[in-house]
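So the structure is just underneath, and the comments pick up after that.
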Amino acid sequence: MVGIVIVSHSVKVAEGIYDLAMEMASENEHIIAAGGMESGAIGTDAFRIMSAIKAADTGDGVAVLADLGSGIMSAEMAIEMLGDNINVRIADAPVLEGAISAAVTSTSGASLDEVIAAAEEARNTSKLS
Amino acid sequence: MSSKIYDCIEMIGNRIIENKDFLTELDREIGDADHGINMARGFTEVLAILPKDSDNIGDLLKKTGMTLLSKVGGASGPLYGTAYMQAGKVCAGKTALTAQDGKAVFEAVIAGIQKRGKAVKGEKTMLDAIIPAFEAYSAAVDSGASVNDALDAMCKAAEEGVEYTKTIIATKGRASYLGERSIGHQDPGATSATYTMQAVRDFIKG
Ligand SMILES: Nc1ncnc2c1ncn2[C@@H]1O[C@H](COP(=O)(O)OP(=O)(O)O)[C@@H](O)[C@H]1O
Ligand SMILES: [Mg+2]
């Protein structure tokens, strides 16, 4: 199953998204919340994200959902530092809706590319119609 | 006794830490009021973990970058982290640098920041101080100016770059959410980058 890493500047945001995504996923889904800094302060830390990607991977790859600015930059650094060992991609998607779509899709046994596509599709889903 | 490269990084760190409140104030105007806090937190840790007696420039720059990467927290973390790590690569194994090495360091730093942040000149970021500073430094070195004169030209261009950021709209980073309202404010990252270059100049000029 494709693993999922949720990156946010805030520990609480990442954990909250984790809770919401897990409701839609199977119990053995590997979703890891990588929010905030080690100290709990607001921010992102490439090394924390790197550990989360490793923890999320079961061999089928990892989809990363990230919030603003440095969330993306720190995730990119983490992926570069990991080298080619893990098949990991960042979804160009809103972090909450993207994480839920990714969780549902991964639980169905989809590939990393399919999980990323589902997360990115969340950008186009209208909420009012 | 501490090595020269340690002393230089210490000078940079102290300059940033001394200006923590000002950098944070600048970020309050067009961001989330944390740039000084972020950078001071990063450099406090850098100064605590760097080996004082090592004169391996590449190694100390790399360690500085890795520490900033994990401790700064904001966009400036991966950006300065990448910058120092790329500078460290250029200086691998070196215990002294020439004026030409300085150009290679600048090139690697700019390429690293651009790869990470995907910004170009004129988007109200740290690059608006760093790119003109590099151009002025290189032009001076290439025309045979003394190192001191090249460093002065570098800092003058960086300071002008900071002034220029007041006149433009932010299109990258958090300040881009403000759009037109970002005009009139100087960019925090361009300011911290200028402090960095001033500290290097003051260190080398002694
Ligand atoms: N994409 C980018 N490219 C280059 N510099 C950037 C970019 N995004 C932000 N910056 C720089 O980072 C500074 C803000 O740093 P900081 O406040 O520490 O991070 P954050 O914006 O995440 O709170 C800005 O003033 C700007 O100079
Ligand atoms: Mg900020």
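Only a predicted model underlies this, so the values are computations on that prediction, with no experimental measurement involved. Each chain gets a letter, A, B and so on, in the order its sequence line appears, and its residues count up from 1.
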Minimum-distance pair of heavy atoms, taken over all atoms of [X] and [Y]:
X	Y	value
B/S70	A/M37	O-CE, 3.5 Å
B/G73	A/S70	O-OG, 3.4 Å
B/G117	A/M73	CA-SD, 4.2 Å

Heavy-atom distances under 4.5 Å only: say whether B/M85 touches chain A with side chain, backbone, both or neither.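 For B/M85, the contact with chain A is made by the side chain alone.
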Side chain, backbone, both or neither: which part of B/K172 has an atom under 4.5 Å from a heavy atom of chain A? neither
Residues of residues 174-202 of chain B under 4.5 Å from chain A (heavy atom pairs)? B/R174, B/Y177
Identify which part of A/I42 has an atom lying under 4.5 Å from any heavy atom of chain B, answering side chain, backbone, both or neither.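 A/I42 touches chain B through backbone heavy atoms alone.
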For A/M24, I'd like to know if atom CE has over 12 heavy atoms of other residues, nucleotides or ligands within 6.0 Å. no
Roughly how far, to the nearest 0.5 Å, is the CD1 atom of A/I72 from the CZ atom of B/R116?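 Those atoms lie 11.5 Å apart.
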Between A/A41, A/G43, A/G69, who has the most heavy-atom pairs with chain B when the cutoff is under 4.5 Å?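 Winner by heavy-atom pair count: A/G43.
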Counting heavy-atom pairs under 4.5 Å with chain B, the top scorer among A/M81, A/E38, A/E80 is A/E80
Regarding B/K115 and A/E76, does a basic nitrogen lie under 4.0 Å from an acidic carboxylate oxygen? no
